[in-house]
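Each ligand, and each atom within it, is numbered from 1 in the order the structure gives.
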Amino acid sequence: MLQFKLVLLGDSSVGKSSIVHRFVKDSFDELRESTIGAAFLSQTIKIKAEEQEEDVVIKFEIWDTAGQERYKSLAPMYYRNANAALVVYDLTQKDSLVKARSWVEELKNKVGDEDLVIFLVGNKLDLCEGEEDLRAVDTSEAKAYAEEQNLLFTEVSAKTGQGVKEVFRSIGEKLYAS
Ligand code: GTP
Ligand code: MG
């Protein structure tokens, strides 16, 4: 079994805890309370690896940080030894992408590119469809930024679960391969 440490970063209320709960417990809470300090959860997945007959078991140790500004100084404790970071923004809040960019910059300055897989994740995709489409950040804009910065990128919904498992699977495969 391989163990990897993950950290979630991003503005308050973008849905970091909701993504982790969808992944770990397969549940969603409309009235989730804002995280205080940070929360720790773990989950294992199996991935198919070439050259191996049996599936590879990967255990993720996940630090879900608090996005509120007053906890910002705690973040380095959680990202320092991380193997991967999910930098989350809210597809319906333009400012949250600005905040995500500043996290990416901080990670690149403090941790370094080669040591860390960074995944840019746009959340609340369920609010970006139908007549009441609340999308405020274009996919193409975030995608271009991610490509320029060499980040993995996707859009998900913690509410419906769309895309959430795939994020962790891609991280597992990428870390396993490296
Ligand atoms: P902090 O802990 O303060 O940093 O916030 P957070 O990033 O952990 O956000 P949290 O998961 O607590 O979610 C904030 C609010 O957004 C909650 O009311 C969630 O129910 C809601 N929410 C989270 N993900 C989604 C989603 O995919 N779709 C919709 N519609 N709402 C979501
Ligand atoms: Mg939270």
### Query
Does K72 make a cation-pi contact with W103 (under 6.0 Å, within 45 degrees of the axis)?
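Output yes; distance and angle both within limits.
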### Query
Hey, is the Mg ion (ligand 2) within less than 2.8 Å of some N/O/S atom on S17?
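A backbone or side-chain N, O or S atom of S17 is under 2.8 Å from the Mg ion (ligand 2).
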### Query
With a cut-off of 2.8 Å, does any N, O or S atom of S13 fall short of it relative to the Mg ion (ligand 2)?
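Within the cut-off used here (under 2.8 Å), S13 places no N, O or S atom near the Mg ion (ligand 2).
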Is [X] close to ligand 1, meaning an N/O of one under 3.5 Å from an N/O of the other?
{"X": "G15", "value": "yes"}
{"X": "F28", "value": "no"}
{"X": "V156", "value": "no"}
{"X": "D64", "value": "no"}

### Query
Can you tell me how far the CZ atom of F23 sits from the CG atom of L86, to the nearest 0.5 Å?
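One gets 9.5 Å once the value is rounded to the nearest 0.5 Å.
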### Task
Mind telling me whether F153 and Y89 have parallel, tilted or perpendicular rings, with 30° and 60° as the class edges?
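If you compare the ring of Y89 with that of F153, the planes turn out parallel.
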To which protein heavy atom is [atom] closest, and what is the distance rounded to 0.1 Å?
{"atom": "atom 5 (O) of ligand 1", "answer": "S13 N, 2.9 Å"}
{"atom": "atom 30 (N) of ligand 1", "answer": "D126 OD2, 2.9 Å"}
{"atom": "atom 18 (O) of ligand 1", "answer": "E30 O, 2.9 Å"}
{"atom": "atom 27 (O) of ligand 1", "answer": "A158 N, 2.9 Å"}
{"atom": "atom 21 (C) of ligand 1", "answer": "K124 NZ, 4.0 Å"}
{"atom": "atom 20 (O) of ligand 1", "answer": "D29 O, 2.8 Å"}
{"atom": "atom 24 (N) of ligand 1", "answer": "N123 ND2, 3.1 Å"}

So [Y] and [X], do their side chains get closer than 4.5 Å, heavy atoms only?
{"X": "L125", "Y": "V156", "answer": "no"}
{"X": "F4", "Y": "E61", "answer": "no"}
{"X": "V111", "Y": "Y79", "answer": "yes"}

Need the ligand 1 atom indices (1-based, order shown) with element for anything under 4.0 Å from a heavy-atom of [X].
{"X": "L127", "answer": "30 (N)"}
{"X": "T35", "answer": "1 (P), 2 (O), 3 (O)"}
{"X": "G67", "answer": "1 (P), 4 (O)"}
{"X": "S157", "answer": "27 (O)"}
{"X": "S34", "answer": "1 (P), 2 (O), 3 (O)"}
{"X": "K159", "answer": "26 (C), 27 (O), 28 (N), 30 (N)"}

### Query
Any non-hydrogen atom of G10 lying under 4.0 Å from ligand 1?
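Judged by the 4.0 Å heavy-atom criterion, G10 does not count as contacting ligand 1.
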### Sub-4.0 Å heavy-atom approach of D11 to ligand 1
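Yes, D11 has heavy atoms under 4.0 Å from ligand 1.
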Determine, for [X] against [Y], whether the closest basic-nitrogen to carboxylate-oxygen distance falls under 4.0 angstrom.
{"X": "D11", "Y": "K99", "result": "yes"}
{"X": "K159", "Y": "E30", "result": "yes"}
{"X": "E155", "Y": "R135", "result": "yes"}

Please tell me whether [X] and [Y] have a donor and an acceptor in their side chains that are separated by less than 3.5 angstrom.
{"X": "D90", "Y": "S96", "result": "no"}
{"X": "D138", "Y": "S140", "result": "no"}
{"X": "T154", "Y": "E166", "result": "no"}

### Task
Select the closest option to atom 13 (O) of ligand 1 among C128, S12, S18, judged by heavy-atom distance.
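Ranked by closest heavy atom to atom 13 (O) of ligand 1, first place is S18.
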### Task
For atom CD of E148, decide whether the heavy atoms of other residues, nucleotides or ligands shown that lie under 6.0 angstrom number more than 12.
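Buried by this count: over 12 neighbours within 6.0 Å.
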